[in-house]
Number of protein chains: 2
Amino acid sequence: MSEHSTKDSHDLQLLENQLCFPLYAASRLMTRAYQPLLARFQLTYPQYIILLILWEDAPCPIGHIGARAILETNTLSPLLKTLEKQGWITRTRSVVDERVVMVDLTDKGHAMKQECACIPQELYEQTDSNAEDLATVKAMLNQLVTQLQETM
Amino acid sequence: MSEHSTKDSHDLQLLENQLCFPLYAASRLMTRAYQPLLARFQLTYPQYIILLILWEDAPCPIGHIGARAILETNTLSPLLKTLEKQGWITRTRSVVDERVVMVDLTDKGHAMKQECACIPQELYEQTDSNAEDLATVKAMLNQLVTQLQETM
DNA sequence: AGAGATAGTATCGAGCGCGATATAAATCAA
DNA sequence: TTGATTTATATCGCGCTCGATACTATCTCT
């Protein structure tokens, strides 16, 4: 409480007292951790996220992918174009509503699901946190995501 | 457990069962939340992170900023060049070791600390999580950051 | 002192993320 | 039905992030 104190756990302007920084750092480090596992498939991390969604929901419109990934079309359009060019997906304009572009997996895209099945396990082995802690963080982050989405 | 189940809480390949996605989403949403608060100062979120570090540690070498922000010089160099151009900081080659560039705050940069003091509070008011939960997430993320840094 | 190794910073290229804007199709209102 | 609004997607430009590489300064070893 002294004014000469160099560390104040209540000073919100200190980096270590902010939630935003570990969020920012952990997200980048997580992306780095995935990168070597994805490189053998020539996939980037955002591309992998899109495939995760498609393995659950394909075929589906671009808007649906955007809603799940929390990404706008200005990010998704070039991303999907690349995935199509590399043979993972197809993009087809809907005939019932020509504004909609339906995205589906190619055979190669479907097959990749099995190839990538080992990745989550491989990655969790790099963090020696126990499963409970990771589940707690995950649940709390999901709640935070929901709140931040509501206020925007 | 049925093979016909559409939701399996143990299937690590589902987006909702992965830690990486809420981390990725929360980090981007947090950046979006900061953006309107920083826009009035013409600051981006990464630039704000650098200033947070400098308000604690300036003057200091670029390498020190990189170590705290977990950013390499390929990211920091252009970022710091922009901050210098906009008058927040100065960059000076050390005379005792000419490899080192010392970064310091300008008067404008120092003054900005008071201007930005309200930002953390303004932001926390946007999340209606209780303080304990946020502190728990923060602590767990810091632990995750440490672990991910060690394994890389 | 000289040669090789190491350290600190900068540059380049590619992909991501997003605000702003555009375009075409579908819907709604009068 | 026409005109206005909304919806779904795409394009553009800028800043961030990072792997690969380069450059200079310092250090180490002989």
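Because the structure is predicted, anything quoted here is derived from the model rather than measured. All values below come from the heavy atoms of this structure, side chains included, with hydrogens, waters and symmetry mates left out. We name chains A, B, ... by the order of the sequence lines, and we start the count at 1 in each one.
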To the side chain of [X], which of [options] is closest?
| X | options | value |
| --- | --- | --- |
| B:D97 | C:dA25, D:dA25, C:dT9 | D:dA25 |
| A:R99 | C:dG17, D:dA25, D:dT7 | D:dT7 |
| A:N74 | D:dT17, C:dG19, C:dC16 | C:dG19 |
| B:V100 | D:dT11, D:dA8, C:dT9 | C:dT9 |
| B:R93 | C:dG19, C:dA10, C:dG17 | C:dA10 |

Expressed as a whole number of angstroms, how long is the span from [X]:[atom1] to [N]:[atom2]?
| X | N | atom1 | atom2 | value |
| --- | --- | --- | --- | --- |
| A:L83 | C:dG15 | CG | P | 12 Å |
| A:I62 | C:dT23 | CD1 | C1' | 15 Å |
| B:R91 | C:dG8 | CZ | C1' | 13 Å |
| A:Y45 | D:dC18 | OH | P | 13 Å |
| A:Q35 | D:dG19 | CD | C1' | 8 Å |
| A:I70 | C:dC18 | CD1 | C1' | 14 Å |
| A:I50 | C:dC16 | CD1 | P | 10 Å |
| B:L43 | D:dC16 | CG | C1' | 15 Å |

### Query
Centroid-to-centroid, A:Y48 to A:F41, below 6.0 Å?
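They do not qualify: ring centres at least 6.0 Å apart.
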Kindly say if [X] contacts the phosphate of [N], meaning a side-chain N or O under 4.0 Å from OP1 or OP2.
| X | N | answer |
| --- | --- | --- |
| A:R28 | C:dG17 | no |
| B:K81 | C:dT9 | no |
| A:Q47 | C:dG15 | no |

### Test log, rule side chain to side chain contact (heavy atoms under 4.5 Å, CB included), inputs B:L105 and B:T90
CA-CA 6 Å; B:L105 290 161; B:T90 59; over 6 Å; no
### Task
Report the residue (A:T75 or B:P78) whose heavy-atom-nearest nucleotide on DNA chain C is the more 5′ of the two.
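It is B:P78, whose closest nucleotide lies nearer the 5' terminus.
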### Summary
Between A:V96 and B:Y24, the residue closer to the 5' end of DNA chain C by nearest nucleotide is B:Y24
### Query
Side-chain contact, heavy-atom cut-off 4.5 Å: A:L12 with B:I119?
no
### Sub-4.5 Å side-chain heavy-atom contact between B:L14 and A:W55
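They are not in side-chain contact.
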### Task
Give a yes/no verdict on a cation-pi contact between B:R32 and B:Y34, requiring under 6.0 Å between NZ or CZ and the six-membered ring centre and an angle within 45° of the axis.
no
#### Entry: Side chain A:T151, main chain A:L148, donor-acceptor under 3.5 Å
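Checking the backbone N and O of A:L148 against the side chain of A:T151, a donor-acceptor pair under 3.5 Å is found.
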When we call it a touch if two heavy atoms are under 4.0 Å apart, what does [X] touch: a base, just sugar-phosphate, or nothing?
| X | result |
| --- | --- |
| B:E98 | sugar-phosphate |
| A:T44 | sugar-phosphate |
| A:L76 | nothing |

### Query
Between A:V101 and A:L29, which is nearer to the 5' end of DNA chain D once each is assigned its nearest nucleotide?
A:V101
### Query
For B:L79 and B:T73, take the nucleotide of DNA chain D holding the closest heavy atom to each; which residue's nucleotide lies nearer the 5' end?
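Result of the comparison: B:L79.
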